[in-house]
A.B. asks: 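Sharing a structure here in structure tokens format.
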Amino acid sequence: MAYYIGVDLGTSSVKTLLLSENGIEKTVSYDYPVSIPKEGWSEQNPLHWREKTFEAIKELTKDIDKSLVKSISFSGQMHGLVLLDEDNNVIRPAILWNDGRSEKETEYLNNVIGKEKLLKLCGNIAFAGFTAPKVLWVKENEPENFARINKILLPKDYILFTLTGKYYTDVSDASGTLYFDVENRKWSEEMLSILSISENMLPEVRESYEAVSRISEETTKELGLPTETVIAAGAGDNAAAAVGAGVVNDGDCNISLGTSGTIFVVSDKFSCDKKNAIHSFCSASGSYHQMACMLSAASCMNWWIKDIMTSDDFTLPENVKPGENEIYFLPYLSGERSPYNNPSMRAVFFGMSVNTKREDMTLAVLEGVAFALKQNLEIIRSHGITVNSSRITGGGAKNSLWLKIIASALEVELHVPVTGDCAALGGALLGAKSVMPEEDYESLTEKLYRDEKIIYPDKELAAKYNERYKKFLRLTDFQIKI
């Protein structure tokens, strides 16, 4: 028996997963807070990540023979800015992926440095959520903190540092910084110069499945794990979730319906989207992927049901008829990344009357997210990529009505994996791959890559949604103009 630990450092919690040759043995999660010091800002204390990750690993391994733990690896929220001084102290709270304060810096990068140059250097244009604009924001607004910078890390890489005392990142997470040459899988010297930082401030870059270190002696004592425990580089959350869902080959697709919503399509060849806000990143399996990222997906339902309706009831009456709703919802609660790259966009309900009921508005939220996903998928399809089926993961994938709506709106088969924690599983698998013989690893993934169910698109509903989708696009265009 051998064990492999996956750590998924999310926005609201850390999830840990214990994997063996028999499959998933156990999962443990702990929450931590998000700070919003100003409207549009989003920060976290990296020390909370460390505290809760270590607590979770202790709980995860308390009933097993710890000497059998062979590896630890990661999935992590992307784009976050973690700054350390020369004594490895955290300089300021981490600025998160969904923080919109760097709109000015984003405009500078896109309009002064220029999108064409950014695409050439990094394969992507600038987004307020990316790391590079955050670096410029700190330089401009907190020069005393900027002067103290010794290391710049991404969130999961800070956890790797706390386990090993060493600085590493992986190609998938580095792809979202906007100072990484995605096509050539290395830091971009010219972008570093533009940001007034140097490569020695950054972690070394490895493939996601590469072993980069063993745990430190200090960590061994604290967690009770063997000194031989291998630490693999890990991956950004969507790249790790793709590994956990079995989306690793050319043309494979995964839709993540979590706090944010993403469409992730693997490609053996590098390509970048020059007209729309679709990301071109390195994948965790050694190739590339195109990814569209919506800033609000399942979070729209949480906001509507819990915050507005003050309820925990996500069910809809049986008489609700998808495709016949008069209400539209534009799901831009936090601005939007793909395909608009506009942090100022806001959510809208449209079409309400005195006859509008709660369930009409709830259905509109489900359909609005589906239409926004469709818009991004259509852009990916316009690149000549055929997507007829997709895995779907994330908390929103537990809602059977939503799955029917998405399958029909996008006109794809949705495959729901047996494993719900695909990001944490992906992290565990990346660690396992770093230490297991290839044949044993393939045998393990065959056990794990199974479907719980398949949702087929409803042709009649798809036809209705094609018409409603056209109006959704017109409403979105109008919203941008105002």
Side-chain angles (χ1 to χ4, degrees), residues 9 11 32-38 40-54 74 76-106 108-109 112-113 122 126-170 173-174 176-180 186-205 212-213 216 218-219 233 236:
L9 191 77
T11 309
Y32 36 66
V34 176
S35 173
I36 305 176
K38 294 183 180 180
W41 289 27
S42 183
E43 299 183 342
Q44 280 180 326
N45 183 349
L47 298 181
H48 290 161
W49 300 337
R50 194 262 189 203
E51 175 190 356
K52 295 304 180 181
T53 298
F54 277 49
F74 315 93
Q77 52 167 301
M78 296 180 68
H79 315 303
L81 179 67
V82 182
L83 303 177
L84 304 183
D85 65 16
E86 61 182 9
D87 296 318
N88 292 319
N89 296 313
V90 175
I91 293 173
R92 67 168 331 281
I95 305 176
L96 302 189
W97 62 274
N98 56 351
D99 186 288
R101 77 184 70 185
S102 59
E103 188 171 358
K104 175 183 174 182
E105 290 75 19
T106 302
Y108 165 77
L109 288 169
V112 178
I113 301 302
C122 303
F127 299 83
F130 278 11
T131 320
K134 297 180 176 71
V135 172
L136 289 178
W137 185 91
V138 173
K139 179 185 175 185
E140 178 68 22
N141 295 277
E142 299 177 353
E144 70 287 355
N145 285 334
F146 190 83
R148 294 174 58 199
I149 297 174
N150 183 59
K151 289 294 179 184
I152 300 173
L153 301 178
L154 295 163
K156 78 173 193 333
D157 305 324
Y158 177 74
I159 298 302
L160 187 153
F161 164 73
T162 65
L163 289 168
T164 66
K166 298 180 180 180
Y167 312 104
Y168 288 97
T169 191
D170 82 290
D173 217 359
T177 60
L178 200 69
Y179 41 86
F180 186 71
K186 64 179 184 179
W187 298 120
S188 168
E189 292 183 11
E190 189 166 352
M191 278 302 300
L192 298 184
S193 177
I194 290 169
L195 300 175
S196 301
I197 60 177
S198 61
E199 190 166 340
N200 62 13
M201 292 180 174
L202 304 177
E204 294 184 42
V205 186
V212 297
S213 181
S216 66
E218 181 181 348
T219 305

A.B. asks: With rounding to the nearest 0.5 angstrom, report the CH2 to OG1 distance, Trp187 to Thr177.
C.D. replies: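 Trp187 atom CH2 to Thr177 atom OG1 measures 5.0 Å (nearest 0.5 Å).
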A.B. asks: Roughly how far, to the nearest 0.5 Å, is the CD1 atom of Ile194 from the CD1 atom of Ile113?
C.D. replies: 4.0 Å
A.B. asks: By the definition side chain to side chain contact (heavy atoms under 4.5 Å, CB included), identify the one residue from Ile91, Val90, Ile95 that meets it with Leu83.
C.D. replies: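 With Leu83 as partner, side chain to side chain contact (heavy atoms under 4.5 Å, CB included) holds for just one option, Ile91.
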A.B. asks: Looking at Glu105, is its backbone amide N or carbonyl O close enough to the side chain of Ser102 to form a donor-acceptor pair, meaning the two atoms are under 3.5 Å apart?
C.D. replies: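 Flag not set: sc Ser102 to bb Glu105 has no pair under 3.5 Å.
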A.B. asks: Can you name the nearest heavy-atom pair linking Phe130 to Lys134, along with the distance?
C.D. replies: O-NZ, 3.1 Å
A.B. asks: Listed by chain and number, what are the salt bridge (charged side-chain N to carboxylate O under 4.0 Å, His left out) partners of Glu140, not counting sequence neighbours?
C.D. replies: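 By the salt bridge (charged side-chain N to carboxylate O under 4.0 Å, His left out) rule, Glu140 matches no residue at all.
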A.B. asks: Using modelled atom types and a 3.5 Å cut-off, is there a donor and acceptor pairing between side-chain atoms of Glu103 and backbone atoms of Ala128?
C.D. replies: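 It does not hold such a pair.
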A.B. asks: Give, for atom CD of Glu204 and atom CG of Asp157, the distance between the pair rounded to the nearest 0.5 Å.
C.D. replies: 12.0 Å
A.B. asks: When you measure from the side chain of Thr53 to the backbone N and O of Arg50, does any donor-acceptor pair fall under 3.5 Å?
C.D. replies: no
A.B. asks: Please tabulate, one pair per line, all N/O donor-acceptor pairs under 3.5 Å involving side-chain atoms of residues 159-166, not counting sequence neighbours.
C.D. replies:
unit_1 : atom_1 : unit_2 : atom_2 : d
Thr162 : OG1    : Ile159 : O      : 2.7
Thr164 : OG1    : Leu160 : O      : 2.8
Thr164 : OG1    : Lys166 : N      : 3.0

A.B. asks: Looking at every heavy atom in both Leu178 and Ala132, which two are closest together, and how far apart are they?
C.D. replies: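 Distance-wise, the nearest heavy atoms are CB-CB, 3.8 Å.
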A.B. asks: For the CE atom of Met78 and the CH2 atom of Trp97, what is their distance to the nearest 0.5 Å?
C.D. replies: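 Going from CE on Met78 over to CH2 on Trp97, the span is 11.5 Å.
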A.B. asks: When you look at CD of Glu218, are more than 12 heavy atoms from neighbouring residues, nucleotides or ligands closer to it than 6.0 Å?
C.D. replies: no
A.B. asks: To check you understand the geometry: which heavy-atom pair defines the closest contact between Ala233 and Lys156, and what is its length?
C.D. replies: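 Looking at all heavy atoms of both residues, the closest pair is O-CE, 3.5 Å.
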A.B. asks: Give a yes or no answer on whether the side chain of Asp173 reaches the backbone of Gly236 with a donor-acceptor pair at less than 3.5 Å.
C.D. replies: no
A.B. asks: Got a second to check how far Gln77's CD is from Thr11's OG1, nearest 0.5 Å?
C.D. replies: 4.5 Å
A.B. asks: Strictly distance-based, threshold 3.5 Å: is any side-chain N or O of Thr131 a donor or acceptor partner for the main-chain N or O of His79?
C.D. replies: yes
A.B. asks: When you compare the side chain of Phe146 with that of Ile197, does any pair of heavy atoms fall below 4.5 Å?
C.D. replies: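 Yes, at least one pair of side-chain atoms sits under 4.5 Å.
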A.B. asks: What are the two closest heavy atoms between Asn98 and Ser42, and how far apart are they?
C.D. replies: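 Where Asn98 meets Ser42 most closely, the heavy atoms are OD1-OG, 2.9 Å.
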A.B. asks: Name the residue from Pro93, Ser35, Pro33 that meets the side chain to side chain contact (heavy atoms under 4.5 Å, CB included) definition with His48.
C.D. replies: Pro33
A.B. asks: Please name the pair of heavy atoms, one in Phe127 and one in Thr106, separated by the smallest distance, quoted to 0.1 Å.
C.D. replies: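 Minimum heavy-atom contact is C-OG1, 3.7 Å.
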A.B. asks: Tell me, yes or no, whether the heavy-atom count around Glu86 atom CD, taken from other residues, nucleotides or ligands under 6.0 Å, exceeds 12.
C.D. replies: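 Atom CD in Glu86 is not packed in, count stays at 12 or less.
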A.B. asks: Test your reading of the model: is there a side-chain donor-acceptor pair from Asp99 to the backbone of Arg101, 3.5 Å cut-off?
C.D. replies: yes
A.B. asks: Can a donor-acceptor pair be found, under 3.5 Å and without considering hydrogens, that links the side chain of Asn141 to the backbone of Trp137?
C.D. replies: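 Side chain of Asn141 to backbone of Trp137: a pair is present.
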A.B. asks: Looking at Tyr167, does the NZ or CZ of Lys151 lie under 6.0 angstrom from its six-membered ring centre and within 45 degrees of the ring axis?
C.D. replies: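 Yes, Lys151 lies over the aromatic ring of Tyr167.
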A.B. asks: Can you find a pair of side-chain heavy atoms, one from Tyr158 and one from Asn88, that are under 4.5 Å apart?
C.D. replies: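 The answer is no, as the side chains (C-beta and beyond) never meet within the 4.5 Å cut-off.
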A.B. asks: Can you tell me how far apart CD1 (Ile152) and OG1 (Thr169) are? Round to the nearest 0.5 Å.
C.D. replies: 12.0 Å
A.B. asks: Using side-chain heavy atoms (C-beta onward) and a distance below 4.5 Å, is Leu192 in contact with Leu202?
C.D. replies: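 In short, these two side chains touch, coming nearer than 4.5 Å.
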